[in-house]
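Computed from a prediction, not measured in an experiment: that's the story for all the values here. Residue numbers begin at 1 in each chain, while the letters A, B, ... track the order of the sequences.
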2 protein chains.
Amino acid sequence: MARTNTAPRGPGRPRASVDAAVFASTLRTVDELGYAGATMDRIAAAAGVAKTTIYRRWPSKGALIVDCLLDAFGPVPLSGASREAVLETAVRWTAAKIGEPGVGAAFAGVFTDAVSDPALRRLLATRFQAPYLEALEKRLGEPEQRMLFVIDVVVGTLLHRMGMTGEPMGEEDVDALVAMVVRELL
Amino acid sequence: MARTNTAPRGPGRPRASVDAAVFASTLRTVDELGYAGATMDRIAAAAGVAKTTIYRRWPSKGALIVDCLLDAFGPVPLSGASREAVLETAVRWTAAKIGEPGVGAAFAGVFTDAVSDPALRRLLATRFQAPYLEALEKRLGEPEQRMLFVIDVVVGTLLHRMGMTGEPMGEEDVDALVAMVVRELL
DNA sequence: AGGTATCGATACCAAAGGTAGCATAATTGC
DNA sequence: GCAATTATGCTACCTTTGGTATCGATACCT
């Protein structure tokens, strides 16, 4: 389930560097046509590559989306003087990222697919959830279970709202979410 | 998009009363095989009816799931002496319902489908969200926007956890969710 | 130049949502 | 009892989509 996109040394034609183009095409297509409308054929066409080329690098649509999201999110910002400030920064960053075109819809879609795809669920847990969880629990000094609960509240709420309205959460509600989470972690 | 399952008077063969069997079959199949594994063919077979019969009553899989969930949830309990008690009762009831076999997975699945299906989104909003929202905001005397935010937090968190782990939320975390929400609504 | 690995293109498969058509069964009204 | 009417089960079918197989062309290393 992990990506196959490694560049082997030796003879033979080298792989074209199309990752960035495919990621951009994926987010753009999801933004324009929704997760279900973003078929592999369309993503490939919009990226200017053959569908077979994508499947030579990523073993499934889920794996592609996960890599695309890892690329879109990058590392969590952990800046801030107090624990509360760090937490607030992280929550606002999550909300902002989910609000970027295509990111929220792709995020929600891959979680949906994961419900009935254990391999994808493991991929999400190890490649996505675990790194952010570890970084946050280290920085904030929170026990894992509590930190996991808070992450589920933040991500679950943001994605659910996105799914119900089709649009990212408004400023007021993000403020409320921040306040609620900060209060929760004292 | 609304259900077609009305019993017209007059001549002709009357409709068989298979709603309960179809609802039960739907939840059982979703519980055993997951939302994606619960295909219309399998749901029909497990209910002992033809697939065409189901499509004569519900115009789509989404519409079937929505009706099935309305049947499974029923009205929100609004008992409790204080506002806090009412809120706690409602949250625990939501968590318990989502924990019932098939309900959580079907709930998460239909929300997922709704992301890229505007008609289904409207159906969920009007038939599902609106009644519970109205009942709660009336009973608790909260403004709509605030009540909607709290509902999104509760439902979003519960469903996200369900999607990530495949199991309903544990007792401790439900307690934390209740406390968090009660604190939020003062 | 020769060997090798990748590319694009086409054709293809299986699964799933949904539909059409038809013979048959169960009613109501005469 | 019989015709009209409506629902049911069944089979066959269409479309979309994720994913695979094959094959000639191409770009690189030695």
* Has the side chain of A:Arg42 got a donor or acceptor atom that lies under 3.5 Å from a matching backbone atom of A:Thr29? -> no
* Asked: Does the A:Arg161 side chain pair with the main chain of A:Met169, one donor and one acceptor, at a distance under 3.5 Å?
  -> no
Choosing from [options], which nucleotide comes nearest the side chain of [X]?
{"X": "A:Arg56", "options": "C:dA9, C:dG17, D:dT8", "value": "C:dA9"}
{"X": "B:Arg15", "options": "D:dG19, C:dC7, D:dT8", "value": "D:dT8"}
{"X": "B:Ser60", "options": "C:dA9, D:dA27, C:dG18", "value": "C:dG18"}
{"X": "A:Arg42", "options": "C:dG8, C:dG17, D:dT17", "value": "D:dT17"}
{"X": "A:Lys51", "options": "D:dT8, D:dG18, C:dG21", "value": "D:dG18"}
{"X": "A:Pro11", "options": "C:dG18, C:dG3, C:dC7", "value": "C:dG3"}

* Structure fact -> The residue, B:Gly12 or A:Thr53, whose nearest nucleotide of DNA chain C is more 5′ is A:Thr53
In whole angstrom, give the distance that lies between atom [atom1] of [X] and atom [atom2] of [N].
{"X": "A:Ile54", "N": "D:dG19", "atom1": "CD1", "atom2": "C1'", "answer": "12 Å"}
{"X": "B:Leu120", "N": "C:dG17", "atom1": "CG", "atom2": "C1'", "answer": "14 Å"}
{"X": "B:Met40", "N": "D:dC14", "atom1": "CE", "atom2": "C1'", "answer": "17 Å"}
{"X": "A:Tyr55", "N": "D:dT17", "atom1": "OH", "atom2": "P", "answer": "12 Å"}
{"X": "B:Leu33", "N": "C:dA15", "atom1": "CG", "atom2": "P", "answer": "14 Å"}
{"X": "A:Tyr35", "N": "D:dT16", "atom1": "OH", "atom2": "P", "answer": "20 Å"}

* Asked: With a 4.0 Å cut-off on heavy atoms, is B:Thr52 in touch with a base, just the backbone sugar-phosphate, or nothing at all?
  -> base
* Asked: Given that B:Val49 and A:Asp41 both sit by DNA chain D, which one's nearest nucleotide is further toward the 5' end?
  -> B:Val49
* Asked: Is there a path from B:Val30 to B:Met162 through hydrophobic residues (I, L, V, M, F, W, Y) whose side chains come within less than 4.5 Å of each other?
  -> no
* **Gap separating the CD1 atom of A:Ile98 from the CZ atom of A:Phe73, nearest 0.5 angstrom** => 5.0 Å
* **C:dG18 base / B:Lys61 side chain donor-acceptor hit below 3.5 Å** => no
* Under the 3.5 Å rule, do the base of C:dG3 and the side chain of A:Arg13 count as making a donor-acceptor pair? -> no
* Measure the acute angle between the ring planes of B:Phe23 and B:Trp58, then classify it against the limits of 30° and 60° as parallel, tilted or perpendicular. => tilted
